[in-house]
Structures are given as C-alpha cells and as structure tokens.
Protein chains: 2
Amino acid sequence: MQNFVYHNPTAIVFGKGTIATLAERVPKDVPVLLLYGGGSIRRHGVYDQVKAALAGHSRVVEFGGVEVNPLHETCMKALEKVREHGVGFILAVGGGSVLDASKYIAAAACLEGIEPWAILTSGGAVVQRALPIGTVLTLPATGSESNGNSVISRRETQEKLAFASPLVFPVFSILDPETTFSLPAKQVRNGLVDTFAHVMEQYLTYPAAAPVQDRFSEGLVQTLIEVGPRTLSDLRDYDARAGFMWAATLALNTLIGCGVPQDWSTHMIGHELTAFYGLDHAESLAVVMPGVWRHQIERKRAKLAQFGQRVWGVDSAEAAIEATEAFWQSLGMPTRLRDYGVDADEAARRIETRFRQRGTVLGEHGNLDPAAVAAILRLRA
Amino acid sequence: MQNFVYHNPTAIVFGKGTIATLAERVPKDVPVLLLYGGGSIRRHGVYDQVKAALAGHSRVVEFGGVEVNPLHETCMKALEKVREHGVGFILAVGGGSVLDASKYIAAAACLEGIEPWAILTSGGAVVQRALPIGTVLTLPATGSESNGNSVISRRETQEKLAFASPLVFPVFSILDPETTFSLPAKQVRNGLVDTFAHVMEQYLTYPAAAPVQDRFSEGLVQTLIEVGPRTLSDLRDYDARAGFMWAATLALNTLIGCGVPQDWSTHMIGHELTAFYGLDHAESLAVVMPGVWRHQIERKRAKLAQFGQRVWGVDSAEAAIEATEAFWQSLGMPTRLRDYGVDADEAARRIETRFRQRGTVLGEHGNLDPAAVAAILRLRA
C-alpha cells in the first residue's frame with residue numbers, strides 16, 4: 001500500500017426529510033448565495049423545501065441557471081452576485097454541475113490578483129482560500145457532494161478542465177433520496193454508469209497490496225449491479241435509490257482511492273468527447289472505458305481477472321470487460337461511438353491533436369500517449 | 001436504510017515514516033501533553049521519533065503510565081498535569097487505551113462544575129467542549145484513532161463504562177504500520193479479533209436495505225481473513241500489517257454503522273468479563289459473540305446466512321457461526337470461558353445481578369434481559 005492522507009471533513013446528512021435541517025446548518029450571520037440549475041428544483045419541490053428551511057435567514061441571494069457541464073461564463077455571472085452582496089456562504093442545490101460550479105465560485109471569490117480561470121489551468125494549485133459551501137444533492141452521480149473536485153467548461157475555447165482542492169470540500173451535504181424520484185430514467189442511468197466508472201478508475205490498475213480498498217471498490221460495484229436495475233425499473237423505490245445514492249457518494253469521496261494507483265484516462269478522454277461532440281459525461285465514459293481496458297489488457301490483466309472473478313463470477317479479463325459493457329447496455333446505455341453518430345476516426349484525430357498540443361500522457365503507468373488515445377478511440381467505433 | 005449523519009473529521013496520515021509530520025501537525029502555540037502507556041513506545045523507537053518530530057515545540061509535558069483498560073484514577077493524575085501547565089493540545093501515542101484515556105482527559109479538562117466521572121455515567125452527554133487531540137497509533141484494534149468513543153475503568157467500583165462524543169474525534173491520527181512490528185503476537189491476535197467483532201456488532205443484526213454497508217462490512221472481514229494469518233506468521237510483513245491496520249480503523253470509524261441497526265451486546269457483556277475476571281477485551285469478545293449469535297439465531301438467521309454465504313462460502317447460519325469461531329481459534333484465540341479458568345455459572349450469576357441492578361437490556365431488538373445474558377454465558381462454559 002502506498003502512503004496516503006485521508007481527510008474528508010464533509011458532514012453527510014442522509015435520509016428522508018433532511019432538507020429541513022438546513023435551518024440549523026446554514027449560517028445566519030452572513031449573506032447566503034442559493035445556487036441552482038435550470039429550474040428542475042422548482043418542479044420536484046426541492047426549491048420549496050429549501051426556501052421553507054431558510055425562512056429564518058434574512059439574507060439569501062438566488063442565482064439560477066447553472067447548466068449541465070457548468071460554464072465558466074455562467075460562474076462569472078454568479079461571482080458578480082457574490083461580490084455585490086458580500087456573500088459568505090454558498091448553498092448549492094442540484095446535481096454535480098451545480099455543486100462543481102459552487103466550488104469554482106467559492107474559490108474564485110477569494111482569489112486576489114489572479115484570473116479565475118487560472119484555478120482550472122493550475123488544477124487548483126492557486127486556491128488558497130474559499131467560501132464555505134453546503135449542498136443539497138438531487139442527482140446521485142458525481143460524488144461532488146463529498147470531495148474537493150470540480151469540472152468546469154469554457155464556451156469560448158471549447159475546453160473542459162478539472163481542479164481539486166481540499167478547501168472546497170462542502171461543509172455539509174444533504175442527501176434525501178426522495179428528492180431524486182422525479183429524475184428522468186436517462187439521468188438515473190447516467191448516474192449509475194458514472195458511479196461505476198468512478199470506482200473503476202481507482203480500482204482497475206494493478207495489484208497494490210490494498211485489500212480493503214479492493215473489497216470496498218468491489219462492494220460498491222456489486223451494489224450498483226444489485227440496485228441499478230431496480231432503481232431504473234421503479235423510479236420511486238426508496239431502498240434502491242438510497243443504496244445507489246450512498247454508493248455514488250462513497251465512489252468518489254477519496255476513500256477507495258487511498259494508497260492505490262489510479263487511472264483517470266477514461267475521464268480525460270471522455271471529457272474531450274463531451275467537449276467536441278456533446279456526449280453526456282456518463283455516455284462518454286461508457287464509450288471509452290472498455291477501450292482503455294482492451295488496449296491495456298496485459299498491464300491490467302491481474303486486476304481485471306480479480307474483478308471478473310469476485311464481481312462477475314467469470315474467469316478471464318476478457319470476460320470481465322464483456323460483462324461490464326453488457327451490464328451498462330442492459331441499463332440502456334449505448335457504448336459505441338457510432339451509437340452517438342460520432343465518426344471514430346475523426347474523434348481520434350481531433351483528440352490526438354489536442355492531447356499533443358497539451359502534452360497529455362495518461363494511465364497509471366504514464367504510457368498512454370496521444371497516439372495510444374487515438375488507437376483506443378478507434379477501438380470504440 | 002435508516003436516516004443518518006456521517007461526519008468523521010479526523011485526518012488519517014497513513015504509511016511509513018509519517019511520524020515526522022507531527023512537526024507540522026501539532027500546534028506550536030499551546031503547551032502539549034504527550035500521553036503514553038507503560039513504556040513500550042520507548043522500546044520500539046516510537047518515543048524517539050515523536051520527540052524528534054517535536055523538537056521545535058518548546059512546551060511539551062509528558063505523562064506516561066496509562067494502563068491497559070485505562071483507569072479513571074490515572075486519567076485524573078494526567079488531568080492535574082493538564083491544569084498545572086495550561087495544556088491546549090493532547091498528543092496520545094500508543095494503542096486504544098492511551099487514545100481512550102486522552103479523550104476522557106480532553107473532555108474532563110473542559111468540564112465546569114461537574115465531576116469528570118459524569119462523562120462516563122452520562123455516556124458523553126455532559127461533554128460540551130474538549131481539548132483537541134492528535135494521535136500516533138501503535139496497535140491496530142480499537143478504531144479509537146478515528147472515532148469519538150472511549151472506554152474507561154474505575155478501580156474502586158470495578159466498573160468499565162463507555163462514552164461517545166463528536167467533540168473528541170482526534171484532529172489527526174498517524175498510522176505507521178512499522179511502529180506495530182514489535183507488538184507481541186498475542187496483541188496482534190487480539191487486535192484481529194477485536195476488529196472482526198467491531199464489524200460484526202454493526203453488521204450481524206437483520207437485513208436493513210443497506211447494501212453498501214453490508215458489502216463494506218463483509219469486505220473488512222474478508223480482509224482480516226486474508227491478512228490475519230499472514231500478519232501473525234510474519235510479524236514484520238508490511239503489506240499484511242498495513243492491510244490489517246487500515247481495516248481496523250475502518251471497522252469502527254462510524255462508516256459501516258451508518259443507517260443500520262447495531263447490536264453491541266457482545267461488547268457490553270464482554271466488558272463485565274474483563275471487569276470481573278481480567279480477560280483481555282478481545283478475549284471477552286471471542287467468548288461471548290458466538291453465544292449471542294446462537295442464542296439469537298432465529299432473529300439473526302437471515303444475516304448470518306448472508307454472512308456465511310458471502311464470506312465463508314457455507315450455506316447455513318449454524319455453519320457461519322462455526323466458521324467464525326474456528327477462524328478465531330486458528331489465530332490462537334481461546335473462545336470458551338473454561339479456557340480462561342472462569343466458571344460459567346458464577347459469571348452468569350454475577351453479570352446477571354449487575355445488569356439487573358443497572359436495568360441493562362441489550363440487543364438490536366432490546367430483548368436481551370439479564371436472564372438472557374446469563375443463558376448466553378452458560379452457553380459459553
């Protein structure tokens with residue numbers, strides 16, 4: 001096992017009716033920015049619950065309209081509100097996009113003498129302080145409710161970049177599975193595959209003498225296999241949704257990645273498919289990940305075999321890849337570029353060029369150069 | 001799944017050579033109490049590493065001599081030192097006993113107008129503030145390095161009581177598996193069984209629609225089954241010890257107990273065996289737990305069967321109990337009262353009487369009255 005530091009200070013408040021606890025958890029002595037997305041929180045009643053809980057808070061400023069794949073440009077408008085009202089606490093209500101945006105705004109609000117976009121181009125290194133954040137999560141998927149990660153897109157440059165900082169972990173996150181009952185099936189499907197991929201990016205590398213991390217990762221995936229079909233077939237099954245929601249948080253709250261090598265190449269390639277072709281984040285992962293595994297099958301064989309044996313009950317690395325892709329398809333997730341009308345050769349050329357420009361090299365061994373990425377994409381035609 | 005709040009703010013610093021990071025983590029602006037046990041930290045070199053890391057700290061007060069099953073009487077002597085020197089931070093170096101003592105001292109130091117023992121008799125309810133604590137763990141077992149629990153004994157009354165408070169979670173805990181290499185095999189064996197029992201007290205109740213918690217619990221036990229014999233047969237196997245150490249922390253850092261019923265009856269009965277007969281804590285658990293399971297086999301059958309199937313590959317609740325007891329015995333742990341020279345009838349009578357006096361009722365269904373406890377003990381003759 002590698003040395004590690006594990007520190008996750010976010011308080012998780014989980015269960016039915018927990019939005020009401022905002023009344024005590026949101027500070028009353030500073031103006032609060034209530035940040036949300038395109039208005040779906042009004043439809044499913046979360047907005048009303050939040051407003052009721054904040055009735056005793058006199059200084060709440062609202063900013064709605066954070067989009068899926070949150071834009072730098074939108075966050076900068078929210079930042080103007082933060083400055084105008086002297087906001088001291090951000091309450092993000094929504095899915096990973098709203099939460100990611102809140103982290104960018106919280107860090108940007110405390111920057112001095114640096115352009116906010118530098119937070120992304122530095123990967124978070126320039127963040128020295130941030131406003132405190134609380135969240136109400138309405139879409140299980142990204143783990144953003146309990147980590148310091150954020151992904152922001154910039155329209156003018158067609159870029160999608162990530163940053164991480166221990167300073168933007170939410171102080172608290174409220175997870176009420178009932179708030180997710182009105183999600184369309186497609187978003188539930190996306191969240192399931194996103195969560196699955198998060199686990200695998202931390203697990204599917206090479207054996208590293210980390211037995212607990214392996215078992216926890218396998219347990220999260222086994223949970224998704226168990227509750228995924230149930231939560232899709234009955235969108236109001238509380239137990240299934242609660243199991244999924246808690247799994248999604250634990251998949252990316254930094255715990256299972258402690259002390260092990262990690263491989264985020266699927267995410268890095270997937271981000272480009274989203275930026276160039278507009279695939280949903282989870283769709284891009286479902287397309288790319290089997291390609292990374294097949295391309296790297298010799299280096300990943302030991303772990304793929306363990307995964308196959310313990311999770312799928314199959315006896316080879318190849319069978320483990322097939323079982324995983326078949327499971328995602330069974331959830332209604334297309335897994336090939338052609339399913340999205342994307343020409344694999346074109347995608348390979350564009351992304352290879354961009355990674356060459358950036359000098360991007362991926363994989364737990366640092367051996368996936370831009371040419372290898374192009375080869376992976378061609379495997380996914 | 002039941003509603004829950006999960007909040008574990010302790011930073012875990014894990015791995016080789018991490019004691020040196022005390023230099024940055026221990027505050028320099030307040031006097032520090034360095035608390036330790038019977039002197040074993042001097043033998044295995046930890047004391048020297050700690051002192052070297054604290055070389056830049058001018059105000060370090062030492063208190064050694066915390067015993068196994070830490071005594072109220074000893075903690076009160078340490079409290080005098082805290083008051084005398086205006087201590088503002090406690091650094092606990094040792095196993096669970098030293099860490100538990102540090103929590104009692106940290107809470108007692110901030111009490112006003114109340115006798116410290118009220119912390120124990122109230123279960124922690126009277127704790128309003130506590131000094132911050134850091135720890136260097138030298139014995140994987142209790143999970144005290146990452147929770148708010150503490151167990152303290154009182155010599156004059158032959159009592160052993162527990163308290164819990166969110167205010168006594170350590171700020172940080174340093175876990176260097178190499179510091180545990182000089183532990184005697186018996187303490188390693190005890191730590192393995194203690195960890196195993198911690199998992200089972202949170203897991204082995206009845207199905208509660210908590211699939212992640214079940215998988216994580218099973219994964220921790222599977223890890224112990226995998227690394228336990230290895231870490232006992234080669235006391236300096238880093239990988240095996242590291243796997244065990246991380247499992248011990250995660251077994252009782254409150255994570256796997258989120259949202260599920262729990263049954264701490266084995267611990268409550270075991271504490272009395274320690275108080276009356278001096279069994280090691282882990283020994284008492286190994287004696288009592290199979291008795292609780294057999295006595296409650298109908299109510300626990302579904303979960304015992306799941307445990308047997310997923311962990312042991314056996315097909316009945318009875319076989320799961322047998323496999324568990326056999327595993328503990330394979331680690332060199334005697335599991336019967338006669339193995340410790342204790343008369344089961346006498347123990348049953350004494351503990352039944354004490355529980356009657358206290359009005360103690362145990363178990364996840366609240367159905368284990370003092371007569372049932374006596375019956376359990378007689379099963380373990």
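To find a chain, count down the sequence lines: A is the first, B the second, and so on, and within it residues start at 1. Here the structure is a predicted model, which is why all the values come from computation and not from measurement.
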query: What residues of residues 247-256 of chain A sit under 4.5 Å from chain B when you count only heavy atoms?
result: A:Ala247, A:Leu250, A:Leu255

- request: May I ask you to check whether over 12 heavy atoms, not counting those of A:Asp234, lie within 6.0 Å of atom CG?
  value: yes

- prompt: CD/A:Gln222 to CD/B:Glu218 distance, rounded to the nearest 0.5 angstrom?
  reply: 8.0 Å

message: If you count every heavy atom of other residues, nucleotides or ligands that lies below 6.0 Å from A:Arg230 atom CZ, does the total exceed 12?
response: yes

query: If you tally heavy-atom pairs under 4.5 Å against chain B, which of A:Val13, A:Val212, A:Thr10, A:Thr18 wins?
result: A:Val212

- prompt: Checking heavy atoms, do the side chain of A:Gln213, its backbone, both or neither come under 4.5 Å from chain B?
  reply: side chain

query: Which members of residues 171-179 of chain B, sorted by number, sit under 4.5 angstrom from chain A on a heavy-atom basis?
result: none

Toward chain B, the part of A:Arg241 with a non-hydrogen atom under 4.5 Å: neither

- line: Nearest heavy-atom approach of A:Asp239 to B:Met1 is OD1-N, 3.6 Å

query: What are the two closest heavy atoms between B:Gly15 and A:Asn3, and how far apart are they?
result: CA-OD1, 3.0 Å

message: Using side-chain contact (heavy atoms from CB on, under 4.5 Å), reason through A:Leu220 and B:Arg215 one step at a time and then give a plain yes or no.
response: CA-CA 7 Å; A:Leu220 289 171; B:Arg215 296 285 184 184; over 6 Å; no

- prompt: Closest heavy-atom contact between A:Gly243 and B:Pro211?
  reply: CA-CG, 4.1 Å

task: Give a yes or no on this: more than 12 heavy atoms of other residues, nucleotides or ligands lie within 6.0 Å of atom CZ of B:Arg236.
output: no

task: Verify whether the ring centers belonging to A:Phe4 and B:Trp246 lie closer than 6.0 Å.
output: yes

- prompt: Distance-only, no hydrogens or angles: does the A:His7 side chain make a donor-acceptor pair with backbone N or O of B:Ile12 under 3.5 Å?
  reply: no

